[in-house]
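Keep in mind that the numbers below use all heavy atoms, side chains included, and drop hydrogens, waters and symmetry copies. By convention in this document, chain letters (A, B, ...) are assigned in the order of the sequence lines, proteins followed by strands, and residues within each chain are numbered from 1.
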Amino acid sequence: MMGIDISKIYSQFIHDKQDSSRTFQWAYDNSFFFFIFIGLLLFLFLAQKDRRLRWALLTGFSFYFYYKAIGYLPYVLLISTIVNYGLGKVLIKDYKDVLKKAALIFGVVFNVGALGYYKYTNFLFSAFANFKGQEYTPLAIIIPMGISYFSFKALSYLFDIYYGSLEKEYSFSDFLLYMVFFPSVMQGPIDKSRDFLPQIDNDYHLDREGAAKGIFLIMSGLIKKVVIADYLRFFLVERVMESPDRFTGVEILIAIYGYAIYIYCNFSGFTDMGIGIAQLMGFKLTDNFNFPYKAKSVAEFWRRWHMSLSSWLQEYLFVPLQMSMRTLRLMGNVLAVFITFVICGVWHGASWNFIIWGALHAFFMAFALAIKKPKENFYKLIRIDRLVKTKAWGVLQVIFTFHLICFTWIVFSIPDLKIIPYGIQMTNNFTFYINIPDSVVMHQMYDQMTMFFKANVFWQFIAAYPMIMVLLVSAFVLHYIPASVYTKAEYYFSKLPIVVQAQVLTLVIWIVTQSRFADSPPPIYFNF
Amino acid sequence: MITEKFKSAILKELKLDEFEIKDETLANSIPGWDSLNHINVILAIEKEFSVKFKSIEVLKCKNVGDLQKLVDLKLNK
């Protein structure tokens with residue numbers, strides 16, 4: 001008689017303590033997740049008219065999702081939810097402006113403080129110890145999953161109330177669902193409270209187009225994350241970045257392009273799946289990517305990359321900053337850009353590479369801002385002001401911007417970036433010290449690129465690693481084809497009979513499982 | 001209601017000949033009124049009407065109509 005091992009089935013449902021890397025695996029590229037998610041959808045369908053039951057299902061499942069990933073309940077998230085809801089109450093009521101302002105300031109200090117404590121304590125102490133030439137043993141601080149995302153969501157709630165953007169007051173339970181909503185709890189998108197909260201009131205309704213759109217996003221997300229990003233990371237990016245001195249310039253250049261594709265496919269693939277899953281549950285989350293490498297300037301890149309973060313930063317940080325410094329005109333804008341993007345870098349993590357990465361973006365944008373008018377005049381002077389409006393010029397701008405972004409990704413990706421004092425001998429007995437960023441990996445990359453760049457290695461590379469080239473080239477083609485192709489594909493997909501849709505989905509899942517290898521690396525933006 | 005003076009101050013700053021501006025028009029739907037140019041438009045309006053806004057007052061504006069109301073409020077004080 002065939003026996004069923006109940007304990008094995010049970011073990012699927014609980015957090016796997018044995019293997020801590022499973023934390024990252026418990027996500028949308030996991031077949032067990034899809035199995036219970038379909039169960040959740042069925043229950044949601046049964047509860048479509050019952051708001052309270054729907055709330056209970058979504059919130060309960062979100063807590064379960066969190067528990068399954070990390071093994072305990074999100075107590076920091078709960079405390080943050082209670083405190084922020086309380087502050088929101090003060091902001092909504094008819095209290096004096098001074099009190100409201102105090103509540104808002106307290107909210108900012110509380111959320112930024114919590115984020116700072118969990119993410120930056122060790123970094124600050126070690127930077128300080130480093131400065132004094134001492135050793136530092138890091139404190140054992142466990143960063144709560146998703147804190148960068150839910151802290152920003154909580155702040156959006158407080159600002160939206162303060163600026164009068166929320167139409168009505170929401171209950172604690174609704175706010176709790178906003179904070180813990182599982183499709184966006186790990187890696188965003190960072191939905192603004194005014195966009196998300198009103199959707200809780202909507203009856204659950206899933207039409208064919210909505211369902212097809214959700215499934216389409218999940219499929220494209222799976223392909224981007226598992227097929228393209230994981231493969232490129234494992235077989236190209238990590239190998240080259242770990243010891244660039246073992247590779248020639250051509251290989252390093254391919255790895256740099258590979259990194260740009262990898263980070264985009266990894267992150268956008270993951271949020272595509274989250275947005276698709278939310279869509280199937282009747283929620284429209286904020287779009288997070290819009291073909292970022294089609295940007296013609298670094299500023300435009302930020303309107304296409306991690307859009308939920310950039311629009312958050314623009315609305316709640318950049319605009320208030322710029323408004324308060326408006327009398328400085330251009331200088332005010334430049335300062336606001338710098339502050340915003342250094343903070344954007346810091347948000348990504350507590351290490352120098354992220355901070356310098358943010359500062360680089362700020363520099364590119366501030367520079368473009370400062371030369372905007374002189375540049376226009378110069379174009380007129382040499383009579384190319386018509387030429388710069390042509391499509392061909394636009395293509396050049398896209399290529400140029402893409403390479404600037406690739407350069408910033410190098411800085412972003414290098415973990416051994418340090419700030420070291422660099423001595424300049426001024427006179428015999430006087431040395432002037434400046435602090436400069438330094439990285440062994442970066443030195444090696446530079447050396448190999450300048451000294452061992454042999455173009456014919458390119459053909460050898462294609463012959464040796466055809467799969468890498470196929471993935472890279474198809475990723476670029478898929479990125480640069482007109483966006484309307486996707487809209488059309490989605491439309492035709494929604495018109496297919498359900499049986500055929502299921503076939504396509506099965507095919508995609510089959511491809512994903514085939515191309516997946518044992519240790520799927522964690523999604524990169526998970527750590528932020 | 002958007003007044004002629006208010007509208008022409010905006011159009012002049014954005015170097016536009018004509019653009020229809022209603023109460024519910026959003027700033028970013030007017031050509032040239034982007035996040036970087038925003039402060040220049042605000043400064044131009046402050047100068048035109050000799051008023052001074054607080055940052056929070058401008059941040060609370062949802063559309064161009066709200067900004068007009070803010071100017072009216074300042075002028076009637």
NZ (Lys372(A)) with more than 12 external heavy atoms under 6.0 Å: no
Residues, nucleotides or ligands: over 12 heavy atoms within 6.0 Å of Lys52(B) NZ: yes
Lys7(B) atom NZ, neighbour heavy-atom count above 12 within 6.0 Å: yes
Sorted by number, residues from residues 34-42 of chain B in contact with chain A (heavy atoms, under 4.5 Å): Ser35(B), Leu36(B), His38(B), Ile39(B), Asn40(B), Ile42(B)
Under the salt bridge (Lys or Arg N to Asp or Glu O under 4.0 Å) test, residues paired with Lys168(A) that sit two or more places apart: Asp201(A)
Stepwise side-chain contact (heavy atoms from CB on, under 4.5 Å) test for Tyr162(A) and Ile56(B): CA-CA 9 Å; Tyr162(A) 190 70; Ile56(B) 176 75; 3.1 Å; yes
Neighbour count above 12 (heavy atom, 6.0 Å) for Lys12(B) NZ: no
Side chain / backbone / both / neither for Gln314(A) at chain B, heavy atoms under 4.5 Å: side chain
Intermediate values then yes/no, side-chain contact (heavy atoms from CB on, under 4.5 Å), Arg326(A) and Ser55(B): CA-CA 9 Å; Arg326(A) 64 183 180 279; Ser55(B) 297; 4.0 Å; yes
Under 4.5 Å from any heavy atom of chain B - which part of Phe318(A): side chain
